[in-house]
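Lettering follows sequence order; numbering is per chain, from 1. This one's a predicted model, so the numbers in the text were calculated from it and none came from an experiment.
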2 protein chains.
Amino acid sequence: MPRPRFARLDPEQQENILSVATEAFAAEGFGVSYNELIARTGLSKGSMYYYFDDKRDLFLTVIERSMGQLLIAPEPPDWGSADEFWAGLRGLYNTLMAAFQLQPEAAGLSRALIDARRTGQLGDELVAWEERLGAWMGGLLVQGQRLGAVRSDLPPDLLLAGAMALGEAADTWLLTQLDSGDLNGAVDLAFEFMKGSLEAR
Amino acid sequence: MPRPRFARLDPEQQENILSVATEAFAAEGFGVSYNELIARTGLSKGSMYYYFDDKRDLFLTVIERSMGQLLIAPEPPDWGSADEFWAGLRGLYNTLMAAFQLQPEAAGLSRALIDARRTGQLGDELVAWEERLGAWMGGLLVQGQRLGAVRSDLPPDLLLAGAMALGEAADTWLLTQLDSGDLNGAVDLAFEFMKGSLEAR
DNA sequence: CATCGGTTCGACCGGTGGTCTAAGAACTAG
DNA sequence: CTAGTTCTTAGACCACCGGTCGAACCGATG
């Protein structure tokens, strides 16, 4: 997160920095040259490091700002039955995709985030984030198993790895479908794929 | 691939270079410092670049040498029925894992390869390799569909993305199970997971 | 006016992968 | 044996990367 000073900076300048960074990261991913990004803001390197600890700090700030409300809630929701479980999950997906359609740069950032996470370019903060995601997903799977919605015939770590891989593949595929006419149908398909792989049989 | 000169180099020196590189890449992945790797071979930078175009060239050479016979065959096998299809696939997995157990460094290299591919650190050559893998997997899926073994109710690109994600997750998980007692059982589980997700229903 | 904290700036650092030229080694022709 | 040519080696050098740091600047306060 940015140094407290950043809040005291001229709001116009704040907006300038964040919008330049958002555009850069969304378009080119985390791999974009920080030197170049800084130059694009018009600030000097020293000033940039005066407000943000480092590149990751700025990246995460941008992510938080653009996708804060979309990001995984700390607690998985609590559903009462297997049907509710799948319907609720389906609802989460819908919400997410609708939000992506309204904020196109969020989709770009999401791609950048997935990519940077994969790459391991982000240090402790994102490792923590990844653990949070794993824990959230793991909690979800356990809940689903308790409700009899999720299969219990696989080792938990394999199930989790598979679920996360499928989720990521589905997300990535859905991001390619954002502009296709039938987003709802696409979400249906991706979701059915995941459900079919994970549900109790 | 290495410059032709490399073949004319003293075999002992060849072996030295490749084994140092194998060890380095297997242990630390593609991200290992090339400068450091070169220093570890005892060669000068100039000499290294005299024999190999660049880091990727050496990496791919090492991959090819250690895992050449394991890598995807150009043509997917041809099976006659749905049962044969799944049994054949299962057999492929078994062969691969057995080989990994016999050549531990191949497992490390495999991890490095998966990782580098993900990261996009490897340029055209690996993009080509990835396309080959995609085409192979795609061909496999089409064949499976023809035999009624693989589901046909999803868009091909979604099915392919899911299959590759599942395959990668399964591979990665299996690589963590190499030292566990029951490798056969682990392959069973991972394979059943994939099969359950992809088979016609 | 002097001081002093907050702010700005860019030179600088060690690292990366990759290039290039000049010297050395080895082989060939006369 | 020598002169010329080609193959090989060595490491200085390059542009770039993310990140650091001290000097200068600026505005408010005493």
So, do A:Y34 and A:F59 have ring centers that fall under 6.0 Å from each other?
-> no

Does B:F52 have B:R3 sitting over its ring (NZ/CZ under 6.0 Å from centre, angle to axis within 45°)?
-> no

Which residues, if any, of residues 7-40 of chain A bring a heavy atom under 4.0 Å of DNA chain D?
-> A:V32, A:S33, A:Y34, A:N35

Rounded to whole angstrom units, what separation is found between the CZ atom of A:F52 and the P atom of C:dT7?
-> 14 Å

Gap between atoms CG and C1', on A:D57 and D:dG19 respectively (whole Å) | 13 Å

How are the rings of B:W86 and B:F191 set relative to one another: parallel (under 30°), tilted (30 to 60°) or perpendicular (over 60°)?
-> perpendicular

Rounded distance [0.5 Å steps], OH in A:Y51 versus CG in A:D57 | 14.0 Å

Is any side-chain nitrogen or oxygen of B:K55 closer than 4.0 Å to OP1 or OP2 of C:dG17?
-> yes

Find the distance A:Y50:OH to C:dG5:P and express it as a whole number of Å.
-> 12 Å

Sub-3.5 Å donor-acceptor pair from the side chain of A:K55 to the main-chain atoms of A:S33, do we have one?
-> no

Of D:dA10, D:dG18, D:dT8, the nucleotide closest to the side chain of A:Y49 is D:dG18

Closest listed nucleotide, where the reference is the side chain of B:S44 and the choices are D:dG11, D:dG19, C:dT7 = D:dG11

For C:dT8, does either OP1 or OP2 sit under 4.0 Å from a side-chain N or O belonging to A:Y51?
-> yes

In whole angstrom, what separates A:L58's CG from D:dG18's P?
-> 12 Å

Find the distance A:D53:CG to D:dG19:P and express it as a whole number of Å.
-> 10 Å

Between B:L43 and A:K45, which is nearer to the 5' end of DNA chain D once each is assigned its nearest nucleotide?
-> B:L43

Do B:S19 and B:T22 have side-chain N/O donor and acceptor atoms under 3.5 Å apart?
-> no

Between B:Q143 (side chain) and B:W79 (backbone), is there a donor-acceptor pair under 3.5 Å?
-> yes

Tell me: CZ of A:F6 to P of C:dT8, nearest whole Å?
-> 12 Å

